[in-house]
Novice: 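Please find one structure pasted underneath; my questions will follow.
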Amino acid sequence: MPAVRFQPGDTVMGRWPGSNLYYEVKVLRFDPKTQLYTVIYKDGTELELKDGDIKSLTGFKQGRSRSRSRSRSPARTRRSRSRSPARTVRRSSSRTTEVRKEKFKEVLEVRLTPVVRTQSENQVGSRYNLRRRKDQGDGRPAELEKKLEAILPQATPREAVKTTELEFGGRFGVLFWLLFLPVMVLALLILCAQEDASLLNFPLTPPPLHSLWDCQVFGIVLLWLLFQAVLSLLPIGKVVEGMPLKNGKTLKYRINGFYALIFSAISVGAASYNEVDLSYIHGHFLQFYTSALIISILLSVYLFIRSRWAAVDDLAPAGNSGYVFYDFFMGRELNPRIKDFDIKFFCEMRPGLIGWVVINFAMLLAEMKHKNLDTPSPAMLLVNGFQLLWVADGLWHEEKLLTMMDIVHDGFGFMLAFGDLAWVPFTFTCQAYYLASHPSDLSAFWIVAIMIMNVVGYYIFRKANSQKFAFRRNPSDPALSHLKTIPTATGKSLIVSGLWGFVRHPNYLGDLIMALAWSLSCGFNHVIPYFYLIYLILLLVHRNARDEHQCRKKYGLAWGEYCKTVRYRIFPGIY
Ligand SMILES: NC(=O)C1=CN([C@@H]2O[C@H](COP(=O)(O)OP(=O)(O)OC[C@H]3O[C@@H](n4cnc5c(N)ncnc54)[C@H](OP(=O)(O)O)[C@@H]3O)[C@@H](O)[C@H]2O)C=CC1
Ligand SMILES: CC(C)CCC[C@@H](C)[C@H]1CC=C2C3=C(CC[C@@]21C)[C@@]1(C)CC[C@H](O)C(C)(C)[C@@H]1CC3
């Protein structure tokens, strides 16, 4: 075990996680169990750092002066301030490499700007705002980093950081979820199909095997996945870069989800026009679910096995505890790819999400067929319309997913594979599945009220998400100049006015209002159509807790101040 190099109270240079920037920090404590130092930055942010991410002040300064004495031009002497020793140590190769590295350091050099805020801005007084010099958010550092990677000798392989904070009930909790979630979806579908869909009427005998398995259905599901994969690979739509990874590199993604939706709609429409009976999906729904479940399990096993060969930098921070079931559930690899095909991004946005809309349409046809209707019921039309809008919106804004926790932080394991391929298409469709065989007679008043509710929810959801995305992309956008913000030590600010000043997650609130509108469309006869709403409340409350935990770590005191300014989490009036 390595010796403890620093003591509480020592002032050292600490690397800012995920970057090559070093700031002066004070050591607060060392945890021998996790081998992590808790350090405090000048703005009060507390973080846990590995030994390798801490340099002694003297070593750091020596590194700096060594590099200064080697510099020839005064300009370079000026630039060599706040230089990372890690980079100094690496400087052993040719002169050309050195010159290129100097250029790179210039970009990474940081500036400490005291931020003085006014009385009206919550009396914060002065503090430091750390910004990358010359990085105006135009992607130049990432590009330079890539060039640098290409010219530098390979760095010593790093060890993966072990996941110590276990979520979802830890190693035993995930065992429960692994078994419970697939069974719960099955139970939900069985109940939905019953004439009396009351919870009290749940059949106690298990369903016969033939109602769960059909080779043809399995083949159709595979074909659907293949069809969506081909659509995702079509050279249509722009190619964008994702968020920088731990090693500073970025991955490229083709954004063509909305085209895929249109192609899929045309294909399904053409099939229906040519008398392909889509209500087949309704009649074989359990078999479709079992097929999707099996595929998600096989995919998770494949992902787990291939993660053994993944590079340290490609591992997700949350899925590397060393406990097999935990890591299998959470996912070890962050962005598993086969060549340029990103499996996680594909699964999140395509087969399940577009499948959801197709299944809804199949349920609409099944309702008309079974109830001998010339037109679908108003409730079925509302559910189909609302959910199509939600899916189309998601695919239209597909690029924004690249900044979300699921892509940036979570590994791709059973939770997301099952969630994307089985949970989304078979539980999110539960309202349409329910309506296909249960009536919901809505009065004109209710129809209008539900439509208004969905419009209000959608407005809040879209405005909040778009505002945050636009602000993150360009905080100095004149269109956003009316927003009040709180600066943080990372250089990013937090919006504290408008929707983001009303509650801390207005986008969740909007999503929940929409979910309520969808459920209300199904009437009050049974609780089953409210499943989606209940799931979303639980998921978003939990997600909110996870996100706030991450933000507290990232933003330290500034986050605490944000919480004091914007007191409610998701629901106004509830802390
Ligand atoms: N139907 C479903 O099953 C689900 C739907 N969703 C929906 O997806 C959407 C996105 O959700 P999700 O990714 O969880 O969360 P958010 O889009 O809310 O992202 C949270 C992040 O936003 C940034 N942030 C938080 N507060 C502020 C602020 N005041 N100002 C600026 N930035 C802030 C922080 O990241 P940073 O500072 O690093 O930028 C934080 O980590 C939501 O609308 C949600 O309803 C989500 C999950 C499931
Ligand atoms: C198995 C579980 C109990 C939970 C699984 C959860 C996942 C299915 C969802 C977690 C977050 C999601 C999001 C979307 C789809 C569902 C999952 C993966 C989303 C990509 C759908 C499209 C939206 O527009 C969105 C806002 C981008 C969604 C983001 C979160």
Side-chain angles (χ1 to χ4, degrees), residues 189 214-238 254-292 295-296 341 345-398 420-422 424-437 518:
L189 298 185
D214 185 295
C215 284
Q216 183 175 310
V217 169
F218 189 76
I220 295 174
V221 176
L222 280 182
L223 275 179
W224 175 251
L225 287 169
L226 193 69
F227 174 58
Q228 288 303 324
V230 170
L231 291 185
S232 79
L233 291 170
L234 289 182
I236 311 171
K238 59 181 175 181
R254 182 169 293 280
I255 304 297
N256 59 11
F258 196 73
Y259 295 111
L261 177 67
I262 292 173
F263 272 122
S264 308
I266 293 172
S267 313
V268 169
S272 186
Y273 184 76
N274 287 303
E275 309 210 336
V276 173
D277 183 12
L278 285 180
S279 65
Y280 173 86
I281 298 178
H282 176 265
H284 296 78
F285 208 41
L286 285 191
Q287 296 162 345
F288 272 96
Y289 166 63
T290 324
S291 302
I295 291 171
S296 66
F341 181 71
F345 188 64
F346 168 72
C347 289
E348 286 264 292
M349 292 307 284
R350 305 302 176 82
L353 218 53
I354 300 178
W356 173 10
V357 179
V358 174
I359 291 172
N360 272 358
F361 181 58
M363 296 303 166
L364 180 150
L365 296 176
E367 183 199 43
M368 288 170 64
K369 188 173 167 185
H370 296 147
K371 295 185 190 163
N372 254 330
L373 301 174
D374 291 332
T375 55
S377 66
M380 185 61 103
L381 282 175
L382 286 183
V383 165
N384 263 264
F386 291 160
Q387 298 184 350
L388 173 63
L389 171 72
W390 198 86
V391 170
D393 173 273
L395 292 165
W396 183 261
H397 296 100
E398 188 178 27
D420 294 337
L421 301 182
V424 170
F426 294 93
T427 66
F428 289 18
T429 47
C430 128
Q431 284 140 345
Y433 189 39
Y434 170 87
L435 286 174
S437 46
W518 304 353

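Only heavy atoms go into these numbers, but all of them, side chains included; no hydrogens, no water, no symmetry mates.
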Novice: For the atom pair OH (Y289) and CG (L421), what is the distance rounded to the nearest 0.5 Å?
Specialist: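 The distance works out to 11.5 Å.
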
Novice: Look up atom CD1 in I220 and atom CD in Q287, then write down how far apart they are to the nearest 0.5 Å.
Specialist: 10.0 Å

Novice: If I compare all heavy atoms of L231 with all of A260, which pair ends up nearest, and what's the gap?
Specialist: CD1-O, 3.7 Å

Novice: Can you tell me which residue pairs pass the ring pair (Phe, Tyr, Trp, His ring centres under 6.0 Å) test with a partner in residues 260-280, sequence neighbours excluded?
Specialist: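 Of all non-adjacent pairs touching residues 260-280, those that pass ring pair (Phe, Tyr, Trp, His ring centres under 6.0 Å) are Y280-H284.
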
Novice: Among all residues two or more places apart in sequence or in another chain, which pass the ring pair (Phe, Tyr, Trp, His ring centres under 6.0 Å) test with F288?
Specialist: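 F288: no ring pair (Phe, Tyr, Trp, His ring centres under 6.0 Å) contacts found.
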
Novice: Could you walk me through whether L365 and D277 pass the side chain to side chain contact (heavy atoms under 4.5 Å, CB included) test, one step at a time?
Specialist: CA-CA 9 Å; L365 296 176; D277 183 12; over 6 Å; no

Novice: So how far is it from L388 CG to D393 CG, rounded to the nearest 0.5 Å?
Specialist: 11.0 Å

Novice: To the nearest 0.5 Å, what is the distance between OG on S437 and CE on M363?
Specialist: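 If we round to the nearest 0.5 Å, S437:OG and M363:CE are 9.0 Å apart.
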
Novice: Do F218 and T290 come close enough that some side-chain heavy atom pair is under 4.5 Å?
Specialist: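 No, too far: nothing below the 4.5 Å cut-off.
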
Novice: What is the minimum heavy-atom distance between S291 and V221, and which atoms define it?
Specialist: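 Shortest heavy-atom contact: CB-CG2, 3.8 Å.
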
Novice: Who passes side chain to side chain contact (heavy atoms under 4.5 Å, CB included) against I262, sequence neighbours left out?
Specialist: F258, I266

Novice: Checking side chain to side chain contact (heavy atoms under 4.5 Å, CB included) for the pair E398/R350: CA distance, chi angles, key distance, verdict?
Specialist: CA-CA 10 Å; E398 188 178 27; R350 305 302 176 82; 2.8 Å; yes

Novice: Run the side-chain donor-acceptor check on residues 354-362: report pairs under 3.5 Å with partners two or more places apart or on a different chain.
Specialist:
unit_1	atom_1	unit_2	atom_2	d
W356	NE1	Q387	OE1	2.9
W356	NE1	F428	O	3.3
N360	ND2	Q387	OE1	2.7

Novice: Could you tell me which non-hydrogen atom of K371 sits nearest to which non-hydrogen atom of A436, and how far apart they are?
Specialist: CE-O, 3.7 Å

Novice: Going by the side chain to side chain donor-acceptor pair (under 3.5 Å) test, which pairs reach into residues 372-384, not counting sequence neighbours?
Specialist: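 Sorted result for residues 372-384: E367-S377.
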
Novice: Any side-chain to backbone donor/acceptor pair from S272 onto G269? Under 3.5 Å, distance only.
Specialist: no

Novice: Find out whether L381 and L364 are in side-chain contact, i.e. whether some heavy atom of one side chain is under 4.5 Å from a heavy atom of the other.
Specialist: yes

Novice: Do W390 and L353 have side-chain heavy atoms sitting under 4.5 Å apart?
Specialist: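 A side-chain contact exists here, since the closest heavy-atom pair is under 4.5 Å.
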
Novice: Suppose we screen for ring pair (Phe, Tyr, Trp, His ring centres under 6.0 Å). Which residues come up paired with F341, at least two apart in sequence or across chains?
Specialist: F346

Novice: Got S264 and W224 here, is their nearest side-chain heavy-atom distance under 4.5 Å?
Specialist: yes

Novice: Would you give the length of the straight line joining atom CE of M380 to atom CD of Q431, rounded to the nearest 0.5 angstrom?
Specialist: 10.5 Å

Novice: Would you sort out whether F426 and F285 count as a ring-ring contact (aromatic ring centres under 6.0 Å, His included), showing the intermediate values?
Specialist: CA-CA 8 Å; F426 294 93; F285 208 41; 5.1 Å; yes

Novice: Flag the pair H282 / H370 as yes when at least one side-chain heavy-atom distance between them is below 4.5 Å, and no otherwise.
Specialist: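 Touching, per the 4.5 Å side-chain cut-off.
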
Novice: How about CZ on F227, more than 12 heavy atoms from neighbouring residues, nucleotides or ligands closer than 6.0 Å, or not?
Specialist: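 Counting neighbours around CZ of F227, more than 12 heavy atoms of other residues, nucleotides or ligands fall under 6.0 Å, so yes.
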
Novice: Working to the nearest 0.5 angstrom, can you tell me the gap between I255 CD1 and K238 NZ?
Specialist: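 Spacing of CD1 (I255) from NZ (K238) equals 7.0 Å.
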
Novice: Show your reasoning for whether side chain to side chain contact (heavy atoms under 4.5 Å, CB included) applies to L395 and M349.
Specialist: CA-CA 7 Å; L395 292 165; M349 292 307 284; 4.0 Å; yes

Novice: Is it the case that the side chain of D214 and the backbone of V217 share a donor-acceptor pair, with hydrogens and angles ignored and the cut-off at 3.5 Å?
Specialist: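 Indeed, once roles are kept as given, a pair shorter than 3.5 Å links the two residues.
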
Novice: Passes side chain to side chain contact (heavy atoms under 4.5 Å, CB included), S232 versus Y259? Steps please.
Specialist: CA-CA 9 Å; S232 79; Y259 295 111; over 6 Å; no

Novice: For the pair N274 (side chain) and A270 (backbone), establish whether a donor and an acceptor sit closer than 3.5 Å, ignoring hydrogens and angles.
Specialist: yes

Novice: So, for L234 and R254, which heavy atoms are closest and what is the spacing to 0.1 Å?
Specialist: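 Result for this residue pair: O-CD, 3.0 Å.
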
